[in-house]
Amino acid sequence: MALLQISEPGQSTAPHQHRLAVGIDLGTTNSLVASVRSGVAEVLPSSEGELILPSVVRYLADGSRQVGREARDNAAADPHNSISSVKRFMGRSLAEVLATESNSPYRFVEGEGSVPRIQTASAKVTPVEVSAEILSLLRKQAEATLGGDLVGAVITVPAYFDDAQRQATKDAARLADLHVLRLLNEPTAAAIAYGLDEAAEGVVAIFDLGGGTFDISILRLNRGVFEVLATAGDTALGGDDIDHLLAEWMKQQAGIEVKDNHGLNRHILDQARAAKELLSECDEVLVEIEDSEYEWQGLLSREAFNELIEPLIKKTLSPCRRALRDADVSRDEIAAVVMVGGSTRVPLVRDNVSDFFKREVLTHIDPDRVVAIGAALQADVLAGNKADGEMLLLDVNPLSLGIETMGGLVEKIIARNTTIPTARGQEFTTYQDGQTAMALHVVQGERELVSDCRSLARFELRGFPPMVAGAARIKVTLQVDADGLLNVTATELTSGVQASIEVKPSYGLQDQEIEQMLRDSMDYAQADKDARSLREQQVEAQRVIEALDAALASDGDDFLQADELSQIQTARAAVLAVAEADDHLAIKSAIKTLETCSEAYVARRMNASVRKAMAGHNLNEYER
């Protein structure tokens with residue numbers, strides 16, 4: 001009789017049969033790691049049995065670190081060296097951080113490049129390094145629980161994280177000795193958890209309000225295919241903002257001002273966070289400030305709390321409207337609304353979202369765990385543990401990508417909300433005769449002019465043979481991979497000369513910039529259209545004048561009478577006079593007049609060229 005080899009769940013004696021991979025929810029406030037064991041995705045506990053790791057790192061003077069709960073518990077006593085909510089700083093420049101974190105207890109200092117650094121008792125650390133400490137502990141926690149080395153991890157990011165923020169996340173994983181199988185949008189991870197567990201189909205909304213970020217995504221689920229139709233959000237809006245708002249209310253009620261006492265500020269913030277969590281279950285809580293200098297107590301009702309935070313909650317609804325519009329679906333078409341993130345436990349959040357979508361929201365998977373569970377399911381697939389029934393993920397690019405063309409115009413190559421991974425190419429040509437190089441400027445945004453968009457990268461294509469203007473064929477290809485990272489390649493098709501760049505900016509878009517880009521693209525749509533038309537006509541005027549001047553210098557005296565030349569010069573002057581104005585129709589009309597005046601001259605030049613080409617030949621040769 002044959003015997004079966006039996007082992008504990010997740011501890012197979014044949015590890016080659018199940019490759020160990022994890023899903024990590026790297027959150028602003030808390031982080032989790034999960035894995036699929038015995039076919040079930042579950043959050044992995046720490047050695048102390050805790051499932052949730054506070055996203056806090058404390059740097060001690062002796063060079064050691066505290067990560068997680070111990071660091072959070074000591075944060076009030078050591079605010080300068082206890083770094084929390086570092087996800088807000090990922091992919092941002094020092095200037096951006098200083099502009100938005102004026103009340104932060106952290107001592108930001110300059111370093112190489114524009115990446116912000118925080119001065120602690122033992123080192124100057126970047127947000128990437130702080131995140132790496134959290135990821136490293138989660139990796140060790142997973143390896144201890146699973147009993148082996150990891151082949152990789154799927155790490156979740158907010159859907160609205162731009163290229164720089166995603167790259168910063170991958171850099172943190174590399175520092176933590178983690179192989180990234182994929183960066184996965186947090187809303188998509190939640191959809192995986194709900195869709196696979198319940199075989200959900202149809203159009204769903206994923207409302208993700210975490211500690212520091214907010215995302216709304218509209219997805220179509222159909223038999224394992226997860227297609228993101230549209231996404232919107234705010235990378236600096238979350239439960240932290242509720243905590244700060246409540247903390248300021250507590251200071252006002254107590255009649256105190258706290259500026260430089262960062263320890264007291266952290267203590268009040270901790271009290272505010274605890275009160276917020278209690279008010280999800282209670283109608284009224286006791287809030288207090290207790291310090292060597294101050295002592296105050298007060299009662300806070302859920303009604304007063306709701307009134308205080310309602311403006312913040314309302315800010316989440318505008319991105320919801322935009323996502324529905326971009327997805328081209330109505331609220332009635334939404335089959336389910338999934339709530340993700342610890343901040344969705346606040347009753348007012350659930351009530352507002354339910355009223356907006358006109359249906360009950362789904363909360364029966366723990367909103368703190370659902371993202372990690374979805375990431376673990378995807379990691380299990382990418383690690384090769386699931387031979388059948390693999391899922392297909394179709395995320396989207398949140399903002400349009402393109403390059404600058406003559407006149408400071410943007411030629412969009414990949415439109416926003418395009419399914420990724422994707423590669424799109426477009427052919428361009430040279431502007432001047434004899435050109436052997438081309439400068440390429442990659443931009444991101446929804447406006448028509450480069451000045452209104454975000455610059456991502458610049459590079460040059462050099463070494464292609466000189467040709468007349470318009471003869472070169474240069475194909476520019478933009479490729480966005482599954483992680484949302486961008487590569488740009490330019491190829492001159494005649495010679496095969498190629499140049500490329502991997503776009504790795506040192507800082508990313510702020511939440512206000514993303515929101516403003518999309519709002520401006522709608523508010524200024526007609527103005528942008530007019531501005532583009534003007535620039536196009538100005539470029540055309542410049543091209544026509546340059547071509548005319550070159551022709552006149554070459555053979556104007558041979559083919560033109562004095563009166564004809566005078567007419568052309570008068571029309572040329574008229575083009576120059578209107579080219580600097582702001583009336584594109586006037587420029588177009590002036591160009592048309594110049595072309596009409598030059599028709600006879602152009603015909604003579606063409607006939608002369610044909611006669612020269614046929615010299616010494618007869619028509620029969622060309623017919624053959």
V340 and I206, any side-chain heavy atoms less than 4.5 Å apart | yes
Worked verdict on D366 versus R345 for salt bridge (charged side-chain N to carboxylate O under 4.0 Å, His left out) = CA-CA 10 Å; D366 186 338; R345 284 194 171 91; 2.7 Å; yes
Are D326 and R321 within salt-bridge range, i.e. N to O under 4.0 Å?
-> no
Let me see the working for L138 and L53 under side-chain contact (heavy atoms from CB on, under 4.5 Å), right down to the final yes or no.
-> CA-CA 8 Å; L138 291 173; L53 177 73; 3.8 Å; yes
Going through the distances and angles, do V56 and V86 end up as a side-chain contact (heavy atoms from CB on, under 4.5 Å)?
-> CA-CA 8 Å; V56 185; V86 75; over 6 Å; no
Looking at the rings of F214 and F207, which for Trp means the six-membered one, are their centres under 6.0 Å apart?
-> yes
K276 and E281: CA distance, side-chain angles, deciding distance, salt bridge (charged side-chain N to carboxylate O under 4.0 Å, His left out) verdict | CA-CA 9 Å; K276 175 192 70 177; E281 307 295 334; over 6 Å; no
Within the side chain of D243, is there an N or O that forms a donor-acceptor pair under 3.5 Å with the backbone of L269?
-> no
Pair Q167-D171, side-chain donor/acceptor within less than 3.5 Å | yes
When V22 is tested against each of V151, L146, I155 for side chain to side chain contact (heavy atoms under 4.5 Å, CB included), which residue passes?
-> L146
Compare all side-chain heavy atoms of R58 with those of E70 and state whether any distance is below 4.5 angstrom.
-> no
Step by step, would you call T28 with S85 a side-chain hydrogen bond (donor to acceptor under 3.5 Å, both in side chains)?
-> CA-CA 5 Å; T28 305; S85 298; over 6 Å; no
Side chain proximity check, S82 to R72, heavy atoms < 4.5 angstrom = no
Closest non-hydrogen atom pair between K315 and P319, with its separation | O-CD, 3.1 Å
Any S280 side-chain heavy atom under 4.5 Å of P347 side chain = yes
Provide the closest heavy-atom pair for I413 versus L478 in the form atom of the first, atom of the second, distance.
-> CD1-CD1, 3.7 Å
Nearest-0.5 Å distance, OG of residue S343 to CD1 of residue I313 = 8.0 Å
Do we get R331 above F356's six-membered ring, with its NZ or CZ under 6.0 Å from the centre and within 45° of the axis?
-> yes
Please answer whether the main-chain N or O of P105 pairs with a side-chain N or O of H80 as donor and acceptor at a distance below 3.5 Å.
-> yes
Taking R322 for the side chain and L317 for the main chain, is one N or O donor matched with an acceptor at less than 3.5 Å?
-> no
Euclidean distance, S84 OG relative to D240 CG, rounded to 0.5 Å | 7.0 Å
Working for side-chain contact (heavy atoms from CB on, under 4.5 Å), residues I403 and V443 = CA-CA 6 Å; I403 67 167; V443 297; over 6 Å; no
Any chance you could measure R458, atom CZ, to L440, atom CG, to the nearest 0.5 Å?
-> 10.5 Å
Is any side-chain heavy atom of N185 closer than 4.5 Å to a side-chain heavy atom of F161?
-> no
Least distance between heavy atoms, T477 atom then A423 atom = CG2-CB, 4.5 Å
A189 to L184 - nearest heavy-atom pair and separation | CB-CD2, 3.7 Å
Could you walk me through whether Q141 and S46 pass the side-chain hydrogen bond (donor to acceptor under 3.5 Å, both in side chains) test, one step at a time?
-> CA-CA 6 Å; Q141 179 177 316; S46 67; 4.9 Å; no
Hey, does L312 have a side-chain heavy atom less than 4.5 Å from the side chain of I242?
-> yes
Between CD1 of I118 and CZ of F108, what distance do you get to the nearest 0.5 Å?
-> 4.5 Å
Taking S131 for its side chain and P127 for its backbone only, find out whether a donor-acceptor pair lies under 3.5 Å.
-> yes
Would you name the heavy atoms of A176 and A132 that are closest together and state the gap between them?
-> CB-O, 3.5 Å
Indicate yes or no for a side-chain donor-acceptor contact from S35 to the backbone of A21 under 3.5 Å, with no hydrogens or angles considered.
-> yes
How about M90 and T169: do any of their side-chain heavy atoms sit closer than 4.5 Å?
-> yes
Of all heavy-atom pairs linking A230 and A327, the shortest is CB-N, 3.6 Å
Interatomic distance, CZ@R350 vs CG@L362, rounded to 0.5 Å, equals 10.5 Å
Considering only NZ, NE, NH1 and NH2 on the basic side and carboxylate oxygens on the acidic side, decide whether D149 and R139 come within less than 4.0 Å.
-> no
Can any side-chain N or O of S55 pair as donor or acceptor with the backbone N or O of G27 at less than 3.5 Å?
-> yes
Which residue, Q165, K87, R166, forms the side chain to side chain contact (heavy atoms under 4.5 Å, CB included) with P158?
-> K87
So NZ of K170 and CG of L175: to nearest 0.5 Å the spacing works out to 13.5 Å
Are R174 and E129 within salt-bridge range, i.e. N to O under 4.0 Å?
-> no
Below 4.5 Å, heavy atoms only, C-beta onward: do L178 and L150 meet side chain to side chain?
-> yes
Kindly say whether A75 contributes a backbone atom to a donor-acceptor pair with the side chain of D78 at under 3.5 angstrom?
-> no
If you count the non-hydrogen atoms of other residues, nucleotides and ligands that lie under 6.0 Å from CD in E360, is the total more than 12?
-> no
R182 (side chain) donor-acceptor with V180 (main chain) under 3.5 angstrom | no
